Amino acid sequence: MTPHPPATPARPSYRPPSTPHGGPPGPAAASPAAAGPAASPRWARPALLALLLVTAVLYLWSLSASGYANQFYSAAVQAGSESWKAFFFGSSDAANSITVDKPPAALWPMALSVRLFGLSSWAILVPEALMGVATVGVLHAAVRRRFGAGAALLAGGALAVTPVAALMFRFNNPDALLCLLMVCAIAAVLRALEDGRTKWLVLAGVCFGLGFLTKTLQAWLILPALAAVYAFCAPVALRRRLGQLLLAGLAIVVSGGWWVAAVELWPAASRPYIGGSQHNSFLELTFGYNGFGRITGNETGSVGGGGRPGGGGGGWGQTGITRLFSSDMGGQIAWLLPAALILLVAAVWVLRRARRATDAEQAGQRAEFLVWGGALLMTFTTFSFMSGIFHQYYNIALAPYIAALVGMGAGLFARRGGRAASLVLAAVVVVTAGWSFVLLDRSPDWLPWLRWTVLALGALSVLGLLLAARAAAPVRAGARDGEGAQAGDGEPARDGGADGDGAAAQDGAPARPSARKGPGLAVLAAGLGVVTALAGPVAYTLDTVNTPKGGSIITAGPAVQGGMGGPGGFPGGRPGMWRGGKGGGMPGGAPGNFPAGQPGGKQAGKQGAGQGNFPGASRGRFPGQGAGGGQKGGRRGFPGGPGGFGERGAGRMGGMGGLLNGSKVSAKAKALLEKDADHYTWAAAAIGSQNAAGYQLATEKPVMAIGGFNGSDPSPTLAQFKKDVADGKIHYFIAGGQGGPGGGHGGPGGGRGGSSKITSWVEKTFKKVTVGSATFYDLTRKS
């Protein structure tokens with residue numbers, strides 16, 4: 001069959017390969033990157049539309065059940081929808097007392113949505129879900145260009161059903177936008193690698209700059225890997241590559257630095273305090289609390305601030321190469337992680353000898369594996385060994401890299417055919433099925449039949465792949481094992497085609513058609529392999545979609561055995577049983593509520609909302625914590641306080657004294673704060689952003705968050721607060737919500753207990769007002 005010549009582009013995408021005899025180059029078969037959509041099979045576009053539709057339904061289904069999700073960010077969204085100044089800075093309230101502890105880019109789409117449609121759960125969360133659909137679409141497009149529609153469909157589907165991705169694309173943390181921007185950046189780098197065009201590399205730089213304005217330095221974790229691959233693999237002269245990388249760096253500085261420059265140059269007296277910093281500096285926040293502090297654990301002002309030297313991860317879980325496979329992390333992200341690593345190594349090995357001058361398509365495929373693999377390894381290594389704050393949902397950053405490698409690797413080896421390729425795929429299925437069984441066995445009472453079904457399907461798939469490998473016949477004279485006929489996306493193999501399009505001639509030997517036996521068996525085995533790989537993630541994802549999520553710490557899927565001493569691995573936790581339901585309970589804790597909270601009810605057995613107190617703790621308090629907080633035995637405790645924990649609902653004042661969840665506001669309390677609220681700059685003030693957020697969202701009036709998220713930021717000082725009260729700017733002070741260590745009970749920030757000094761002064765000076773179970777102090781009436 002005569003190969004189809006590519007359409008003539010404005011600039012050639014690849015150098016034309018030489019003929020085996022050294023003569024002038026002949027017409028090369030069109031590669032996916034050069035041929036475009038015309039090279040795709042008929043089912044490709046309908047399959048893509050179906051993938052995007054299913055993803056949209058999955059991410060939008062029952063979205064409003066999560067309410068305002070993380071009220072810390074929802075309050076900032078509400079503020080940004082009321083005030084353009086709050087919008088620009090990412091302020092927690094429309095009166096601009098303090099910002100959230102991140103740059104504001106992730107808040108902007110949600111704030112614009114609320115401006116258009118009004119304040120509601122849907123208006124806040126729909127932009128996040130649409131970002132998820134867009135991420136799947138961009139990933140599909142990036143993989144399809146070189147690896148075909150089948151590989152792209154598998155990659156997009158794997159991302160869509162990754163549990164932590166389904167979790168975060170239905171939530172309002174910054175991670176959703178960051179994930180989209182990183183996939184866009186990689187897609188742009190891959191386009192630049194095709195023909196060395198500068199515009200694509202500059203576009204990638206813009207994505208990285210916007211990523212910095214989303215979650216600061218985390219956006220740059222993968223930069224070294226991508227820059228190195230481009231420097232070594234781009235199809236242009238070395239001097240040009242280096243110049244292009246410098247231009248891309250300039251694009252990063254401009255797209256990310258304009259906002260930083262504006263904030264740093266803006267007079268501090270006329271802008272909000274930079275939340276999360278101790279000296280009102282965004283650069284301090286970037287390189288300290290949100291930067292290198294996450295690596296070292298030395299995060300002044302954070303939960304458990306300052307880290308624990310020599311603690312192997314301090315209070316945020318054990319660090320090490322197995323961290324992301326642990327009970328707390330594995331079910332979130334690691335389902336396909338072993339498969340991705342195996343396929344990455346195998347693909348780089350079989351493509352190791354490709355040269356741009358003679359094997360442009362295979363060299364391009366190798367470069368793409370290096371890009372996605374480099375991004376995976378950089379992020380995996382950082383997450384595995386960082387000692388600072390680390391939550392399970394951070395793992396969404398890994399989801400697109402894993403999905404891309406699985407789709408590309410499976411597509412590459414399926415199209416190469418032959419015995420070696422079948423053995424690689426069989427090994428991947430064996431490892432994936434076994435690992436899925438382990439992950440599912442960590443929740444033995446949840447869908448107990450599923451793990452055995454996965455194991456059985458995996459065994460059938462492996463058997464089919466081994467039989468297909470045995471039946472594989474040589475396809476050309478002198479061909480190496482594993483380099484047989486290749487059919488792309490359901491198309492028949494062609495003689496003389498490029499890799500992935502037919503049986504290629506080698507060393508001048510004529511190609512001959514494949515003598516495959518039993519192609520139906522291979523297809524069936526591959527299909528069973530896909531089902532085996534995705535069954536566990538799909539089940540976890542469906543559980544996630546059907547479970548409302550709220551608060552600062554959320555996880556995907558059912559509860560698991562062997563988790564750390566608290567969701568997210570809070571300081572003071574230790575290995576134990578993180579499960580509600582049957583006989584659970586944290587080590588050392590009698591059966592009861594997970595801390596100080598409500599009975600599990602229908603939610604028992606999920607996300608820790610069932611039984612068990614923290615080790616050595618009295619009911620409702622963290623380890624070593626008495627009724628007044630403080631420390632015990634040299635270990636920092638957390639302020640006690642009523643309220644549930646995590647996503648299973650906040651109590652009266654939210655988990656951990658208002659640190660983890662927004663407050664639940666009664667109708668009477670709402671009416672109290674709304675009365676005459678327009679006569680004040682702030683309707684109320686509260687210790688900690690989450691405590692303030694609940695009241696602000698209920699009333700849609702500014703509520704000052706004293707001390708920021710942890711209650712430990714020195715904003716405002718006692719003198720500043722007294723002046724605001726004297727000037728008649730604040731109506732009520734909301735009791736409770738003591739925040740994290742160092743806020744209400746002394747420690748870093750707040751001038752050594754600034755929040756507690758404010759609380760003490762208010763309690764001694766002003767009249768107490770009790771509404772239901774909530775306590776307020778009227779700052780216009782002295783006691």
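Computed from a predicted model, the values in this text were never measured in an experiment. Here, residue 1 is the first one in the sequence, and each next residue gets the next number.
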A.B. asks: Can you tell if the side chain of I396 reaches within under 4.5 Å of the side chain of F169, non-hydrogen atoms only?
C.D. replies: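 Yes, their side chains come closer than 4.5 Å.
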A.B. asks: Other residues, nucleotides and ligands only: do more than 12 of their heavy atoms fall within 6.0 Å of CZ on R352?
C.D. replies: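 More than 12 within 6.0 Å, yes.
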A.B. asks: Would a 4.5 Å heavy-atom cut-off, applied to side chains only, mark Q218 and R294 as touching?
C.D. replies: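 They are not in contact (no side-chain heavy atoms under 4.5 Å apart), so the answer is no.
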A.B. asks: When you check the gap from the basic side-chain N to the acidic O, do R146 and E194 get nearer than 4.0 Å?
C.D. replies: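 Here R146 does not pair with E194 in a salt bridge, since their nearest N and O are not under 4.0 Å apart.
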A.B. asks: Would one find more than 12 heavy atoms of other residues, nucleotides or ligands at under 6.0 Å from atom CZ of F385?
C.D. replies: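 Counting other residues, nucleotides and ligands, CZ of F385 exceeds 12 neighbours.
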A.B. asks: So, taking the atom named CZ in R240 and the one named CG in L247, what distance separates them when rounded to the nearest 0.5 Å?
C.D. replies: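 Going from the CZ atom of R240 to the CG atom of L247 covers 9.5 Å.
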A.B. asks: Judged by atom type as modelled, is there a donor-acceptor pair below 3.5 Å linking the side chain of S461 to the main-chain atoms of A525?
C.D. replies: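 Here the side-chain-to-backbone pair exists.
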A.B. asks: N290 versus L217: any side-chain heavy-atom pair under 4.5 Å?
C.D. replies: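 Side chain of N290 against side chain of L217, heavy atoms only: no contact under 4.5 Å found.
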A.B. asks: Could you tell me if R197 sits above the aromatic ring of W200, with its cationic atom closer than 6.0 Å to the ring centre and no more than 45 degrees from the axis?
C.D. replies: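 Relative to the ring axis of W200, which defines the angle, R197 lies outside at least one limit.
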A.B. asks: With L153, which of L51, V143, L48 fulfils side-chain contact (heavy atoms from CB on, under 4.5 Å)?
C.D. replies: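 Of all the options given, the one that passes is L51.
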A.B. asks: Keeping to residues at least two apart or across chains, list the ring pair (Phe, Tyr, Trp, His ring centres under 6.0 Å) pairs with something in residues 393-430.
C.D. replies: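 Sorted result for residues 393-430: F390-Y394, H391-Y393, H391-Y394.
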A.B. asks: Under the rule for ring-ring contact (aromatic ring centres under 6.0 Å, His included), what residues qualify as partners of F380, not counting sequence neighbours?
C.D. replies: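 So F380 forms no ring-ring contact (aromatic ring centres under 6.0 Å, His included) with any residue.
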A.B. asks: Hey, does L246 have a side-chain heavy atom less than 4.5 Å from the side chain of L250?
C.D. replies: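 Answer no - side chains too far apart.
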A.B. asks: Taking the six-membered ring for Trp and the single ring otherwise, decide whether the centroids of W220 and F212 are under 6.0 Å apart.
C.D. replies: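 Yes, they do, as the ring centres are separated by less than 6.0 Å.
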